Amino acid sequence: MSEVHRIKCGNGNCYIIENGTDGILVDTGKREYANQVIEQCKFYSVKLIILTHAHFDHAENTAKISGALGIPIGMNEQDCNLIQSNTNQSMSAANILGKIVLSASMKDFSKRTIPDFKPNIFLRDGDSLIDYGIDAQIVALPGHTNGSIGIDVDKKHLIVGDALMNMFYPTVSMLYNNRDKMLESARKISSIGDRTIYFGHGKPMPNRRWTR
């Protein structure tokens with residue numbers, strides 16, 4: 001059975017999925033936390049980086065960590081344009097709190113640059129991670145970004161990136177490229193059933209019906 005370890009990086013999270021033998025790093029965090037994430041990876045035999053999406057707070061350390069550990073990078077192809085600039089996919093928000101977060105995010109998107117990298121693996125809905133030693137599947141969760149994905153681990157744990165958020169309170173994503181797809185992904189997460197949800201921002205909690 002696999003375990004999921006949260007690496008808290010400021011207001012965001014990275015995760016290590018491990019089964020005692022093999023490990024996968026999910027997201028790489030902001031540059032300020034690069035060494036912290038690398039040190040955590042050294043406790044496990046991490047064989048792959050997976051990006052839930054390519055916003056800088058989830059992907060800024062990807063090139064550095066991949067190079068330091070000598071491991072490949074996997075993500076969904078539809079987020080590749082975000083590596084060049086996080087402004088390449090538009091973002092919207094539905095409520096006042098979301099618009100405050102959006103304003104801060106857009107300022108960061110215009111200032112922060114992700115060191116260039118090329119994904120080694122393009123991940124799609126239903127792809128298995130068993131070749132990397134982990135009993136898990138990729139779940140497509142578009143809406144926050146075009147290529148947002150999650151990881152369903154052992155039918156017990158579900159890492160969702162920013163498809164859902166628990167930054168201030170548990171909710172569907174406050175920011176989205178496509179609201180209809182974001183809500184569809186939230187319903188998909190609900191339908192998966194009994195899982196612990198691991199957010200890109202905030203503490204884990206049990207799955208539920210995600211309506212807001």
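From a predicted model like this one, the values you see are computed outputs, not experimental measurements.
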Next item on the list: Taking S173 for its side chain and A163 for its backbone only, find out whether a donor-acceptor pair lies under 3.5 Å.
Entry: no
Which atom pairs, one a donor and one an acceptor, fall under 3.5 Å between side chains of residues 34-42 and the rest of the protein, sequence neighbours left out?
| from | atom 1 | to | atom 2 | distance (Å) |
| --- | --- | --- | --- | --- |
| Q36 | NE2 | K8 | O | 3.0 |
| E39 | OE2 | K42 | NZ | 3.1 |

Margin query: Testing the basics here: between G202 and N13, what is the closest heavy-atom pair and its distance to 0.1 Å?
Written below: O-ND2, 2.9 Å
Margin query: Using every non-hydrogen atom in the two residues, find where A140 and D125 come nearest and quote the distance to one decimal.
Written below: N-OD1, 2.8 Å
Item checked: CG-SG distance between D27 and C9, expressed to the nearest 0.5 angstrom -> 9.5 Å
Checklist line | Flag if over 12 foreign heavy atoms under 6.0 Å of CD1, I130 | finding: yes
Next item on the list: Answer with yes or no whether the side chains of D57 and H201 bring together a donor and an acceptor at under 3.5 Å.
Entry: yes
Note to self: So, taking the atom named CD1 in I16 and the one named CZ in R6, what distance separates them when rounded to the nearest 0.5 Å?
What the structure shows: 14.0 Å
Next item on the list: Identify the two heavy atoms, one from A186 and one from V172, that lie closest to each other, and give their separation to 0.1 Å.
Entry: CB-CG1, 3.6 Å
Next item on the list: Inspect the surroundings of CZ in F43 and state if more than 12 heavy atoms from other residues, nucleotides or ligands are less than 6.0 Å away.
Entry: no
Note to self: Ignoring hydrogens and geometry beyond distance, is a side-chain donor-acceptor pair present between N207 and R195 at under 3.5 Å?
What the structure shows: no
Check: Are M165 and L97 linked, directly or through other ILVMFWY residues, by side chains that come within less than 4.5 angstrom of each other?
Finding: yes
Item checked: Closest heavy-atom pair and its distance - N88, Q84 -> ND2-CB, 4.1 Å
Notebook entry, point to check: So, T52 side chain and S148 main chain: donor-acceptor pair closer than 3.5 Å or not?
Noted result: no
Note to self: Can a side-chain donor-acceptor contact be found between T196 and H157 if the only test is distance below 3.5 angstrom?
What the structure shows: no
Note to self: I need the I50 CD1 to C14 SG distance, nearest 0.5 Å.
What the structure shows: 13.0 Å
Check: Looking at CG of N178 and OG of S185, how far apart are the two atoms once the value is rounded to the nearest 0.5 Å?
Finding: 9.0 Å
Next item on the list: For the pair H53 and H58, name the ring-plane relationship: parallel under 30°, tilted 30 to 60°, perpendicular over 60°.
Entry: tilted
Next item on the list: May I have the step-by-step check of side chain to side chain contact (heavy atoms under 4.5 Å, CB included) for M91 and H144, ending in yes or no?
Entry: CA-CA 8 Å; M91 298 295 287; H144 177 69; 3.6 Å; yes
Next item on the list: Would you indicate whether the side-chain heavy atoms of L123 and I149 approach each other to under 4.5 Å?
Entry: yes
Next item on the list: For residues K203 and N166, report the shortest heavy-atom separation together with the two atoms involved.
Entry: O-ND2, 2.9 Å
Checklist line | Donor-acceptor contact present, side-chain N177 to main-chain N146, <3.5 Å | finding: no
Margin query: Please check this pair: side chain of S190 against backbone of W210, looking for a donor-acceptor N/O pair closer than 3.5 Å.
Written below: yes
Next item on the list: Taking all non-hydrogen atoms of both residues into account, name the closest pair between F56 and N86 and its distance.
Entry: N-OD1, 2.7 Å
Checklist line | CZ/R179: more than 12 non-hydrogen atoms of other groups inside 6.0 Å | finding: no
Notebook entry, point to check: Should L129 and I24 count as side-chain neighbours, where that means a heavy-atom distance under 4.5 Å?
Noted result: yes
Next item on the list: Given side chain to side chain contact (heavy atoms under 4.5 Å, CB included), test T21 with S45 step by step and report yes or no.
Entry: CA-CA 6 Å; T21 305; S45 181; over 6 Å; no
Notebook entry, point to check: Which residues satisfy the salt bridge (Lys or Arg N to Asp or Glu O under 4.0 Å) test with D22, sequence neighbours excluded?
Noted result: K47
Note to self: In this structure, would I17 and I192 fall into the same cluster of hydrophobic residues linked by side-chain contacts under 4.5 Å?
What the structure shows: no
Just list the side-chain donor-acceptor pairs under 3.5 Å for residues 59-74, sequence neighbours left out, or say none.
| from | atom 1 | to | atom 2 | distance (Å) |
| --- | --- | --- | --- | --- |
| E60 | OE1 | R31 | N | 2.9 |
| E60 | OE1 | R112 | NH2 | 2.8 |
| E60 | OE2 | R31 | NH1 | 3.1 |
| E60 | OE2 | R112 | NE | 3.1 |
| N61 | ND2 | T28 | O | 2.8 |
| N61 | ND2 | G29 | O | 3.1 |
| N61 | ND2 | K30 | O | 2.6 |
| T62 | OG1 | T28 | OG1 | 3.0 |
| T62 | OG1 | A59 | O | 2.7 |
| S66 | OG | I71 | O | 2.6 |

Margin query: We want to know whether Y15 and H5 form a side-chain donor-acceptor pair, criterion being a heavy-atom distance below 3.5 angstrom.
Written below: no
Check: Under 4.5 Å between side-chain heavy atoms, hopping through other hydrophobics if needed: is there a path connecting L25 to Y132?
Finding: no
Notebook entry, point to check: How many angstroms lie between atom OH of Y176 and atom CD of Q89, to the nearest 0.5 angstrom?
Noted result: 15.0 Å
Note to self: I'd like to know if the side chain of D79 pairs up with that of T145 as donor and acceptor (distance under 3.5 Å, no hydrogens or angles considered).
What the structure shows: yes
Note to self: Please tell me whether V26 and F199 are part of a single hydrophobic cluster in this structure, the criterion being side-chain heavy atoms less than 4.5 Å apart.
What the structure shows: no
Next item on the list: Output the distance between atom CG (L102) and atom CG (N95), rounded to the nearest 0.5 Å.
Entry: 10.5 Å
Check: Does the side chain of E3 pick up a donor-acceptor pair with the side chain of N19 at under 3.5 Å?
Finding: no
Next item on the list: Ignoring hydrogens and angles, tell me if any N or O in the side chain of S110 forms a donor-acceptor pair with the backbone of K107 under 3.5 Å.
Entry: yes
Note to self: For residues M75 and I138: do they belong to one hydrophobic cluster (side chain heavy atoms under 4.5 Å, members Ile, Leu, Val, Met, Phe, Trp, Tyr)?
What the structure shows: no
Item checked: Test item: I189 and V160 side chains (from C-beta on) under 4.5 Å apart, heavy atoms -> yes
